[in-house]
Amino acid sequence: MTRIKAPGLFFALAFAGLAMFSGSGAVSAQTIKIGVVSTFSGPAANFGEYSVKAMQLYEKLHASELPAGVKIELLVRDDGGPNPDKAKQLAQELIVRDKVQILAGAGFTPNAMAIAPLATQAKTPFLILNAGASVVTTKSPYIARFSFTMAQSAAPLGSWAAKKYKTAFTLVADYGPGVDSETAFTSAYSASGGTIVGSVRVPPMTLEYAPFLQRVKDAKPDVLMVFVPAGKTATGLMKGFVDLGLKDAGIKLVGPGDIVPDEELANMDDGAIGVTTVYHYSAWADRPANKAFVEAWQKEYGTSTQTNTFAVSGWDAMDAIFQIIKAGNGVVDGDKAMEVLKSYKDANSPRGAISIDPETRDIVQNEYLREVRKVDGKLENIELETIATALKDPVKDQMKK
Ligand code: PHB
């Protein structure tokens with residue numbers, strides 16, 4: 001509101017007055033507008049689709065908890081993938097023209113980085129639903145992250161892998177989250193006695209991994225750690241890994257859960273069996289809160305579709321948005337909303353207990369060691385153990401030491 005010139009402010013207030021006193025004379029329905037900028041087309045189309053479906057489901061199931069007369073409107077925009085300029089333009093329109101009170105989304109780190117200054121300028125809370133590079137939350141005090149950081153999974157994975165495999169190769173998408181994955185894995189793996197025998201960075205959205213995987217095969221590591229963006233890129237990587245004979249050569253494939261997205265397992269063949277990952281969520285986790293989440297999801301969207309990381313981010317973010325709206329009794333103030341977000345906790349998320357770290361505004365969550373297994377003829381990510389409990393972003397934790 002601070003940047004609106006006087007005539008605009010006059011009309012905004014006049015309009016608000018009309019809205020408040022229209023109808024029967026009682027305060028009429030008030031709509032909280034939430035702008036979602038995420039990816040709904042191309043190889044990462046699942047990112048936005050699952051998050052929004054989960055937000056809508058949460059809203060439907062919890063609508064009665066909102067203050068009387070308050071409604072939520074989701075304004076959904078497609079950035080098409082890692083396109084910072086497009087994401088920025090969409091967020092700008094949502095803030096200035098549509099006057100959203102809250103922003104959510106950002107499947108990709110570069111898009112989150114591009115939106116961050118706008119969130120700061122407008123004092124609009126911005127809930128990250130996927131982007132995973134550690135730096136993201138440092139770019140605006142109005143950002144809170146409901147997804148993960150890459151280091152949250154890559155660091156415990158590196159320590160675990162060093163105990164089982166002597167030599168490792170890393171292959172990562174060549175941008176923020178890939179570099180974070182490589183760095184966190186490499187330092188944890190090396191600190192626990194493993195030897196890195198090679199590393200390669202690949203174009204972020206490529207579907208063709210053969211030339212890079214050939215280099216890995218030639219180096220004959222015991223284990224290959226991969227980060228490529230979830231979605232069709234992950235399925236392309238898996239195909240290359242099997243087709244080029246790395247699996248047959250006995251190279252163990254590990255990574256953050258992004259390389260075996262829950263919703264993409266149906267598009268991967270048995271070559272994915274045995275892939276070991278660390279992640280904060282699996283659709284097949286047997287926590288009661290997850291069972292209830294999956295049941296509600298399948299009741300709404302059908303049993304042939306299941307939840308995934310984008311869905312759990314959308315679900316938890318909507319829970320936090322409800323807390324913001326309830327705390328403000330239907331009025332969203334950016335600074336007050338950030339106070340709510342900084343003390344946000346949910347002991348019963350489908351992914352386990354979560355909270356927002358008040359210092360960094362990153363999510364604090366468990367990480368699970370998982371393995372792809374075939375259950376009743378279908379591939380599933382099976383959680384084997386909780387490998388880290390209430391883990392903060394290791395990168396920011398390290399910086400404080
Ligand atoms: C990101 O750009 O931060 C990102 C994208 C896809 C993922 C994880 C992180 O699977």
Side-chain angles (χ1 to χ4, degrees), residues 32 34 51 54-55 57-59 61-67 70 72 101-106 119 125-132 134 136-138 140-149 151-153 156 279-282 285-294 296 307 309-368 383 386-397 400:
I32 308 293
I34 303 164
S51 288
M55 293 174 89
L57 181 61
Y58 186 98
E59 186 191 340
L61 298 179
H62 294 266
S64 65
E65 296 167 22
L66 289 174
V70 173
I72 289 178
Q101 286 116 310
I102 295 172
L103 282 169
F126 177 22
L127 286 72
I128 302 288
L129 299 186
N130 192 67
S134 282
V136 166
T137 45
T138 69
S140 169
Y142 291 89
I143 286 181
R145 174 147 41 197
F146 282 81
S147 50
F148 49 82
T149 73
Q152 276 181 321
S153 51
Y279 216 34
H280 55 282
Y281 182 71
S282 161
D286 56 13
R287 283 176 292 285
N290 185 52
K291 292 258 178 234
F293 180 42
V294 172
T307 55
T309 181
F310 313 109
V312 82
S313 292
W315 180 265
D316 291 333
M318 202 53 153
D319 184 58
I321 289 171
F322 265 57
Q323 290 204 9
I324 291 171
I325 296 172
K326 286 192 242 177
N329 200 22
V331 176
V332 176
D333 168 87
D335 289 310
K336 287 187 190 144
M338 290 316 298
E339 291 312 310
V340 174
L341 289 174
K342 282 190 232 171
S343 60
Y344 179 78
K345 281 186 179 50
D346 181 3
N348 223 7
S349 160
R351 54 181 128 174
I354 57 170
S355 64
I356 296 293
D357 179 352
E359 278 178 61
T360 64
R361 290 160 281 97
D362 275 312
I363 193 158
V364 181
Q365 61 191 347
N366 297 342
E367 291 291 330
Y368 306 99
E383 288 181 1
T386 305
I387 202 164
T389 303
L391 185 66
K392 292 186 178 187
D393 175 27
V395 172
K396 296 194 194 71
D397 237 24
K400 281 191 294 189

Subject >> 4.5 Å side-chain heavy-atom contact, K392 and T149 >> reply: no
Subject >> K336/E339 salt bridge by N-O under 4.0 Å criterion >> reply: no
Original post:
For the atom pair CD (E65) and CG (D319), what is the distance rounded to the nearest 0.5 Å?
Top reply: 8.0 Å
Subject >> Heavy-atom side-chain proximity of L66 to I325 below 4.5 angstrom >> reply: yes
**OP:** Could you tell me whether the side chains of S153 and H280 share a donor-acceptor contact shorter than 3.5 Å?
**Re:** no
Subject >> Sequence-distant partners of N329, side chain to side chain contact (heavy atoms under 4.5 Å, CB included), two or more places apart >> reply: P67
Subject >> Contact summary for A311 and A54, nearest pair of heavy atoms >> reply: O-CB, 3.1 Å
Original post:
About how many Å separate CD1 of I34 and CD1 of I102, when rounded to the nearest 0.5 Å?
Top reply: 5.0 Å
Original post:
Does a donor on one side chain sit under 3.5 Å from an acceptor on the other, for S147 and N130?
Top reply: no
Subject >> Donor-acceptor contact below 3.5 Å, side chain S51 vs main chain F310 >> reply: yes
Original post:
Is a side-chain N or O of R361 found less than 3.5 angstrom from the main chain of I143, in a donor-acceptor match?
Top reply: yes
Original post:
CE/M338 to CD1/I356 distance, rounded to the nearest 0.5 angstrom?
Top reply: 8.5 Å
Original post:
What do you reckon, is NZ of K326 surrounded by more than 12 foreign heavy atoms closer than 6.0 Å?
Top reply: yes
Original post:
Roughly how far apart are W315 CH2 and N290 CG, rounded to 0.5 Å?
Top reply: 11.0 Å
**OP:** For Q152 and L391, indicate whether the former's side chain and the latter's backbone hold a donor-acceptor pair under 3.5 Å.
**Re:** yes
Subject >> Spacing of H62 atom NE2 and I321 atom CD1 [to the nearest 0.5 Å] >> reply: 13.0 Å
Original post:
Which heavy atom in R351 sits nearest to a heavy atom in R287, and how many Å separate them?
Top reply: C-NE, 3.4 Å
**OP:** Assess whether atom CG of D335 is packed by more than 12 heavy atoms of other residues, nucleotides or ligands within 6.0 Å.
**Re:** yes
Original post:
For the side chain of T386 and the backbone of A388, is there at least one donor-acceptor N/O pair under 3.5 Å apart?
Top reply: no
**OP:** Using modelled atom types only, decide if a donor and an acceptor are shared between the side chain of Q101 and the backbone of G334 within a distance under 3.5 Å.
**Re:** no
Subject >> Nearest non-hydrogen partners of V70 and G330, listed with the distance >> reply: CG2-CA, 3.8 Å
Original post:
For the residue pair Y368 and Y281, is the inter-centroid distance of their aromatic rings smaller than 6.0 Å?
Top reply: no
Original post:
In Å and rounded to the nearest 0.5 Å, what is the CZ to OG1 distance from F126 to T137?
Top reply: 11.5 Å
Subject >> Candidate list D393, D362, T360, test side-chain hydrogen bond (donor to acceptor under 3.5 Å, both in side chains), partner S134, passing option >> reply: D393
Subject >> Shortest non-hydrogen separation from K345 to Q323 and the atoms involved >> reply: O-NE2, 4.3 Å
Original post:
Which atom pair, heavy atoms only, marks the closest approach of M55 to A104?
Top reply: CE-CB, 4.3 Å
**OP:** Using distance alone, with no hydrogens and no angle criterion, decide if T138 and K396 have a side-chain donor and acceptor under 3.5 Å apart.
**Re:** no
**OP:** Tell me yes or no: between the side chains of D346 and S349, is some donor less than 3.5 Å from an acceptor?
**Re:** no
Original post:
What's the shortest heavy-atom distance between A317 and L127, and which atoms?
Top reply: O-CD2, 3.7 Å
**OP:** Report yes if some heavy atom in the side chain of D316 is under 4.5 Å from a heavy atom in the side chain of P350; otherwise report no.
**Re:** yes
Original post:
Could you give all pairs that pass the ring-ring contact (aromatic ring centres under 6.0 Å, His included) test and reach residues 324-358, with sequence neighbours left out?
Top reply: F146-Y344
